[in-house]
S.K.: 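If you scroll down you'll find the structure; I have some questions about it.
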Amino acid sequence: MVFNAARLKKCFCQSFGAFTLPITFTDTTCYPGIFKTRREGKVDMASSLCTLVSDGESHTQPSLIVSQDQICPVSNVQFTPEIEKKYVHHVYDAIAPHFSSTRFAKWPKVATFLKSLPSGSLVLDAGCGNGKYLGLSPDCFFIGCDISAPLINICADRDHEVVVADAVNLPYRTGFGDAAISIAVLHHLSTESRRKKAIQELVRVVKKGGLVLITVWAVEQEDRSLVTKWTPLSQKYVEEWIGPSSPRIRSPSSFTLESIPETEENGSGEHLKDLKEISNENLQNTMHSTCQTEDDSMTFKIKKNIESHQEYFVPWHLPYHRAEVSGASACALANGLAKKDDKKGAVVYNRYYHVFSEGELERLVSGMDNAVIVDQFFDKSNWCIILEKTL
């Protein structure tokens, strides 16, 4: 993790045992007490860079050594599914510089939220990307975190306080921040339990009365032509990659949802139309071959999945001249995690997205007893909520 601690005046220096993740400091001054504690820990500052290897796994050079008997058990929700490793983490590591160059405009609603916070507030940005919101309000302190080390390096080069961390296991101690934001992050988490855990973590790390702003991509995209460029995940992907904890409904129906290959814009809509027509035809056959009582319920569920698809691969075109900067693209092509598009002169990566339906964010929060929704709105094809911590 990269952390420039020198500018944070609110924290006090304690032992290195306060850290739970591999650490790299950009400054020799330390201000732990920010992070969740372990009883014992030893830091080796030799290296903390995350590297992509040919087996598609993300490996971290050992930078933190903790006694085995002192490691707290980690729930299954904190184990990253393969689909996220391969189609979120590795993708953003590979496209980080190009992605960053396209991310500079601030959403007005996010800017308004940040500027409304009291002077001196400490804001935690979970999934900060290239750090475009860090430091937006000069009267507040900001700490950002992201799962992508290359994006965090970009933030560090801009002199932001940042760490490499997972959204479902934030490294901050409970009640540390005055506010937290999660902008366009939760839709990259592939199970409902992980999305819920990420929200719980955002609430946990702020003080009582602290505010949390969350935005996610919506099913209800204002520009429907964009959706025709996305690839719906097939039943195969839903079953093999996302697993049984996914909120998506899977049934032993007589058809599967096949992935739509990426095509030119003028033909994508026809493929989507054909898929829907074929699926509806098979749906009719299923209706006549099953018990009426079970069929009515199953038909509704299957039809809902077809009409309101929520699991997608969204392409990112990395121009050839940008791809050559790093060996990550060559590795991804060799492993089948990316493909060449000579027409567009780009390496095409697929990013996993679970797009949210209306009310889905609110349902994830409904079971929480320590937060209430103080605002909810739809903005720029995103569902957004603002929570207040009550306990």
Side-chain angles (χ1 to χ4, degrees), residues 1-14 18 25-36 100 103-146 151-165 167 170-185 198-199 201-215 370-377 379-380 382 384-391:
M1 133 177 101
V2 179
F3 183 70
N4 182 357
R7 293 166 54 202
L8 288 178
K9 308 301 184 185
K10 300 178 72 173
C11 312
F12 298 92
C13 193
Q14 299 177 3
F25 289 88
T26 61
D27 191 286
T28 54
T29 307
C30 85
Y31 295 86
I34 300 170
F35 299 93
K36 293 188 292 185
S100 177
R103 294 301 186 268
F104 48 85
K106 280 78 172 175
W107 290 0
K109 294 278 189 180
V110 179
T112 298
F113 172 82
L114 293 174
K115 291 177 180 178
S116 71
L117 298 173
S119 178
S121 293
L122 176 59
V123 184
L124 308 175
D125 186 347
C128 63
N130 69 342
K132 72 176 184 179
Y133 291 112
L134 301 178
L136 185 141
S137 176
D139 296 326
C140 296
F141 297 95
F142 289 80
I143 300 178
C145 71
D146 201 281
L151 284 173
I152 285 299
N153 287 337
I154 291 172
C155 294
D157 289 342
R158 296 173 178 176
D159 202 26
H160 294 308
E161 314 337 320
V162 287
V163 299
V164 172
L170 294 176
Y172 315 116
R173 59 179 171 78
T174 298
F176 176 59
D178 298 296
I181 61 174
S182 173
I183 310 302
V185 175
I199 295 175
E201 280 289 273
L202 288 165
V203 173
R204 180 187 66 79
V205 299
V206 299
K207 300 172 183 175
K208 180 180 178 181
L211 299 177
V212 175
L213 169 64
I214 302 170
T215 76
N370 62 343
V372 295
I373 299 173
V374 295
D375 196 8
Q376 55 196 56
F377 51 94
D379 182 52
K380 298 183 182 298
N382 283 255
C384 315
I385 58 171
I386 298 176
L387 307 175
E388 181 180 348
K389 186 172 182 177
T390 57
L391 296 175

S.K.: Please confirm whether the backbone N or O of Val203 pairs with a side-chain atom of Lys389, one donor and one acceptor, at under 3.5 Å?
M.R.: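 It does hold such a pair.
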
S.K.: What pairs of donor and acceptor atoms, side-chain ones from residues 110-118 against any protein atom, are under 3.5 angstrom apart with sequence neighbours left out?
M.R.:
unit_1	atom_1	unit_2	atom_2	d
Thr112	OG1	Pro108	O	2.8
Ser116	OG	Phe113	O	2.6

S.K.: Between atom CD1 of Ile181 and atom OG1 of Thr215, what is the distance when rounded to the nearest 0.5 Å?
M.R.: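 If I round to the nearest 0.5 Å, the distance is 8.5 Å.
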
S.K.: Report the distance from atom CZ of Arg103 to atom CG of Leu151, rounding to the nearest 0.5 Å.
M.R.: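 Taking CZ in Arg103 and CG in Leu151, the distance rounds to 10.5 Å.
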
S.K.: Drop me the distance from Ile143's CD1 to Leu134's CG, to the nearest 0.5 angstrom.
M.R.: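 Between Ile143 CD1 and Leu134 CG, I get 10.0 Å after rounding to 0.5 Å.
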
S.K.: Taking the side chain as every heavy atom from C-beta outward, state whether Gln376 and Ile386 have any atom pair closer than 4.5 Å.
M.R.: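 No. Closest side-chain heavy atoms not under 4.5 Å.
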
S.K.: Output the distance between atom NE2 (His160) and atom CZ (Phe142), rounded to the nearest 0.5 Å.
M.R.: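 Going from NE2 on His160 over to CZ on Phe142, the span is 9.5 Å.
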
S.K.: Has Lys207 got its NZ or CZ under 6.0 Å from the middle of the six-membered ring of Phe176, at an angle within 45 degrees of the ring axis?
M.R.: no

S.K.: For the NZ atom of Lys109 and the CG atom of Asp375, what is their distance to the nearest 0.5 Å?
M.R.: 7.5 Å

S.K.: Output the distance between atom SG (Cys155) and atom CG (Asp146), rounded to the nearest 0.5 Å.
M.R.: 7.0 Å

S.K.: So, using side chain to side chain donor-acceptor pair (under 3.5 Å) as the criterion, who are the partners of Asn130 when residues are at least two apart?
M.R.: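 Asn130: side chain to side chain donor-acceptor pair (under 3.5 Å) contacts with Ser100.
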
S.K.: Between Pro138 and Leu136, what is the shortest heavy-atom contact and its length?
M.R.: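 Looks like CD-O, 3.5 Å.
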
S.K.: With sequence neighbours excluded, tell me which residues meet side chain to side chain contact (heavy atoms under 4.5 Å, CB included) with Ala180.
M.R.: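 Ala180 satisfies side chain to side chain contact (heavy atoms under 4.5 Å, CB included) with Leu124, Leu202, Val206, Val212 only.
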
S.K.: Flag the pair Ile385 / Leu387 as yes when at least one side-chain heavy-atom distance between them is below 4.5 Å, and no otherwise.
M.R.: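 Touching, per the 4.5 Å side-chain cut-off.
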
S.K.: Looking only at atom types and distance, does a side-chain atom of Arg204 sit under 3.5 Å from a main-chain N or O of Leu170, one as donor and one as acceptor?
M.R.: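 Pair found, side chain donor or acceptor close to backbone of Leu170.
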
S.K.: Can you tell me which residue pairs pass the side chain to side chain donor-acceptor pair (under 3.5 Å) test with a partner in residues 132-141, sequence neighbours excluded?
M.R.: none

S.K.: If we only count heavy atoms from C-beta on, is the Val163 to Pro171 side-chain gap below 4.5 Å?
M.R.: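 They are in side-chain contact.
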
S.K.: Test Phe141 against Asp178 for side chain to side chain contact (heavy atoms under 4.5 Å, CB included), laying out the working first.
M.R.: CA-CA 10 Å; Phe141 297 95; Asp178 298 296; over 6 Å; no

S.K.: Please confirm whether the backbone N or O of Asn370 pairs with a side-chain atom of Thr390, one donor and one acceptor, at under 3.5 Å?
M.R.: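 Answer holds: yes.
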
